[in-house]
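Take a look at the structure below.
A, B, ... follow the sequence lines: proteins, then strands. Residue 1 opens every chain.
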2 protein chains.
Amino acid sequence: MKISIQDLRYVLALAKTKHFGQAAKACFVTQPSLSNQLKHLETRLGAPLFERSRKHVMITDFGQQFVTKAKTILQQIDDLESLQDDPFTGNLKMGIFPTLAPYLLPKIMPKLIQKFPALRFIVSEEKTATLVQKLKDGELDCILAAEPLSDTQFTHQHMFTDSFFLAVYPSHPLASAPQITLQDLHHEPLLLLEEGHCMRDNALSVCALAGTPVHEDYRATSMETLRYMVAAKVGITLIPEIAIPRDTQTSAQSVIYIPFKDHRVQRHIGLYWRKQTSRKMVFEAVFASLKTSTLTK
Amino acid sequence: MKISIQDLRYVLALAKTKHFGQAAKACFVTQPSLSNQLKHLETRLGAPLFERSRKHVMITDFGQQFVTKAKTILQQIDDLESLQDDPFTGNLKMGIFPTLAPYLLPKIMPKLIQKFPALRFIVSEEKTATLVQKLKDGELDCILAAEPLSDTQFTHQHMFTDSFFLAVYPSHPLASAPQITLQDLHHEPLLLLEEGHCMRDNALSVCALAGTPVHEDYRATSMETLRYMVAAKVGITLIPEIAIPRDTQTSAQSVIYIPFKDHRVQRHIGLYWRKQTSRKMVFEAVFASLKTSTLTK
DNA sequence: TTATTTTCATAAGCTATTAATATCATTTTT
DNA sequence: AAAAATGATATTAATAGCTTATGAAAATAA
């Protein structure tokens with residue numbers, strides 16, 4: 001025994017016309033239908049909304065109260081029904097891992113903001129395991145992560161490939177080589193990031209390929225730390241291309257970056273989102289936009 | 001095919017529980033019923049309100065917009081349904097916080113029931129934060145809370161002031177004092193309730209006034225626990241006047257209550273309700289009745 | 001791994017609500 | 001007084017919404 005929205009429409013129409021026939025017509029129903037529903041409603045409420053004399057229909061005090069409230073409700077219902085979904089609106093929570101975010105964001109954010117003016121990009125920087133969990137839990141909408149990612153709940157698109165360079169200090173024996181191979185690393189232990197960084201895993205697999213040991217004593221907390229350690233001649237390491245400074249004044253360099261011949265020394269970055277998402281379109285559009293902006297370095 | 005009120009109830013229930021089965025139960029229907037209706041609604045709207053994976057149900061941005069609007073509508077509908085010629089009829093859902101309810105209710109309920117025979121008082125006991133949320137959501141009609149409460153959606157009336165007494169065990173140095181001051185508390189750490197109790201905040205501000213540390217190790221879950229801890233000589237604490245047993249057989253007491261000289265050692269209790277309520281009259285009448293019954297201890 | 005449980009979706013049939021048609025009663029108008 | 005207007009009532013018809021039964025996919029336990 002609940003009030004329905006139709007009931008509200010009937011009451012409002014009758015309050016306006018003060019005539020059952022006309023009110024019914026305005027509601028696209030027959031007059032007996034409206035009469036009946038109204039009677040039921042009044043029974044449920046326990047008090048009459050209208051006073052019917054044979055000639056005139058008059059609203060009661062109680063009815064007037066009801067009408068006042070019903071009016072604002074109906075207005076809001078109409079508003080709700082016309083509520084439209086524009087997926088290119090609202091917040092888009094994006095996660096990026098720490099050895100990528102600071103180098104990639106300056107390249108892509110201006111374009112994204114320009115291309116999707118109604119989207120608010122909320123970027124958070126976390127290690128991959130955290131990103132994956134938060135994406136699952138819906139705390140993030142999409143993430144940029146190194147491929148491959150095993151999770152079957154996600155869809156992904158490959159975005160770009162980032163080559164690793166060997167970072168050495170100028171006095172290091174390899175510093176003058178124009179290009180190097182994995183074999184050159186045979187007796188060159190590498191400095192690594194701390195546990196949990198996907199780039200640590202990238203570097204470890206390179207070490208496995210080259211048969212190289214690692215400096216177990218040092219575990220840097222960020223790529224910038226790593227770079228400073230190279231400059232301080234603590235050791236050598238891998239740095240991805242995207243993190244290499246552009247304005248390389250060769251004379252003043254404290255760190256030298258040497259490319260690999262081997263194409264396996266790379267990391268692959270993809271954009272991931274939940275298969276089930278209702279905003280697939282958005283991610284595909286964002287992806288397209290990201291792809292072009294990363295290509296034009 | 002129009003949105004129905006039942007649809008709104010389903011959406012809100014699902015948004016709350018994030019579980020089809022539980023949401024259905026909350027709406028007193030079976031799960032397929034809710035699934036179907038929701039699917040129809042989403043079709044009508046042209047966009048999904050929820051994102052379903054087998055494990056998690058997550059609300060979409062669009063769904064969140066819908067829910068926000070639906071909530072206020074539903075609240076108004078409920079309000080409309082309870083609109084009656086005689087507002088002093090039906091259910092009145094009242095909330096009271098835990099360090100007040102068990103001591104105040106026996107004093108006020110008999111009078112309320114006698115004075116408003118057609119009102120059914122449904123009392124629930126929750127911490128203040130929960131009360132405030134439920135009052136906002138329309139799950140409660142009015143609440144008794146410690147003043148001040150910042151929320152602008154509420155109207156309130158001051159009901160009574162409750163003085164704190166110092167509760168000590170008989171062998172404590174202060175036990176024989178007829179009256180004490182804040183200065184006496186200088187080196188007397190107090191036992192406190194756990195987080196979330198407004199009385200904990202009351203006590204903390206007294207500590208701040210007196211410059212007293214607190215026993216951080218103990219966090220009692222109820223005022224009765226606190227009282228037992230004092231009796232067990234774990235420490236001393238504050239107890240509000242209303243919670244002091246009346247039949248003080250001075251000889252057999254295991255806890256002694258000492259009044260403060262300082263009038264700042266008090267809590268102020270007010271009755272709060274939503275500004276927009278249609279039952280303002282009822283709350284004012286209930287308030288008047290409460291005020292007189294608490295004055296006559 | 002395989003079995004079990006959980007959870008949401010789908011299908012078919014039934015029920016209850018709501019609407020339409022036909023009719024009536026009363027009052028107003030002519 | 002007859003005709004017209006207006007709202008109420010009864011009966012029948014349409015349909016929206018619910019239940020039961022069942023399915024499929026994923027998570028959890030063995």
Specify the residues of residues 15-23 of chain B, ordered by number, for which at least one heavy atom lies under 4.0 angstrom from an atom of DNA chain C.
H19(B), F20(B), G21(B)
To the nearest Å, how far apart are [X] [atom1] and [N] [atom2]?
X      : N       : atom1 : atom2 : result
L14(B) : dA9(C)  : CG    : P     : 9 Å
I3(B)  : dA16(D) : CD1   : P     : 15 Å
K25(B) : dC18(D) : NZ    : P     : 17 Å
L41(B) : dA16(D) : CG    : P     : 15 Å
L38(B) : dC18(D) : CG    : P     : 12 Å
F50(A) : dA8(D)  : CZ    : P     : 11 Å

Report yes if a side-chain nitrogen or oxygen of [X] is closer than 4.0 Å to either non-bridging phosphate oxygen (OP1 or OP2) of [N]; otherwise report no.
X      : N      : result
R52(B) : dT7(C) : no
S35(A) : dA8(D) : yes
K39(A) : dG7(D) : no

So which heavy atom on G95(A) is nearest to which on L131(A), and how close?
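Looks like CA-CD2, 3.7 Å.
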Ion pair present between [X] and [Y], side-chain N to carboxylate O less than 4.0 angstrom?
X       : Y       : value
E139(A) : K93(A)  : no
R9(B)   : D78(B)  : yes
E194(B) : R200(B) : no

Report the distance from atom NE2 of H197(A) to atom CG of L192(A), rounding to the nearest 0.5 Å.
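The distance works out to 11.5 Å.
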Do you see a donor-acceptor pair shorter than 3.5 Å between the side chains of S4(A) and D7(A)?
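A pair is found: one side chain offers a donor N or O, the other an acceptor, under 3.5 Å apart.
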Aromatic ring pairing F154(B)/Y272(B), orientation class (parallel under 30°, perpendicular over 60°, tilted between):
perpendicular
So the side-chain hydrogen bond (donor to acceptor under 3.5 Å, both in side chains) pairs with at least one residue in residues 19-31 of chain A (sequence neighbours excluded) are Q31(A)-S35(A)
Which atoms of nucleotides 14-20 of chain C (N or O only) lie under 3.5 Å from a protein N or O atom, and what are those distances?
unit_1  : atom_1 : unit_2 : atom_2 : d
dA19(C) : OP1    : Q6(A)  : NE2    : 3.2
dA19(C) : OP1    : Y10(A) : OH     : 2.7
dA19(C) : OP2    : Y10(A) : OH     : 3.3
dA19(C) : O5'    : S33(A) : OG     : 3.4
dA20(C) : OP2    : T30(A) : N      : 2.8
dA20(C) : OP2    : T30(A) : OG1    : 3.0

Side-chain heavy atoms of M109(B) within contact of L112(B), under 4.5 Å:
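They are in side-chain contact.
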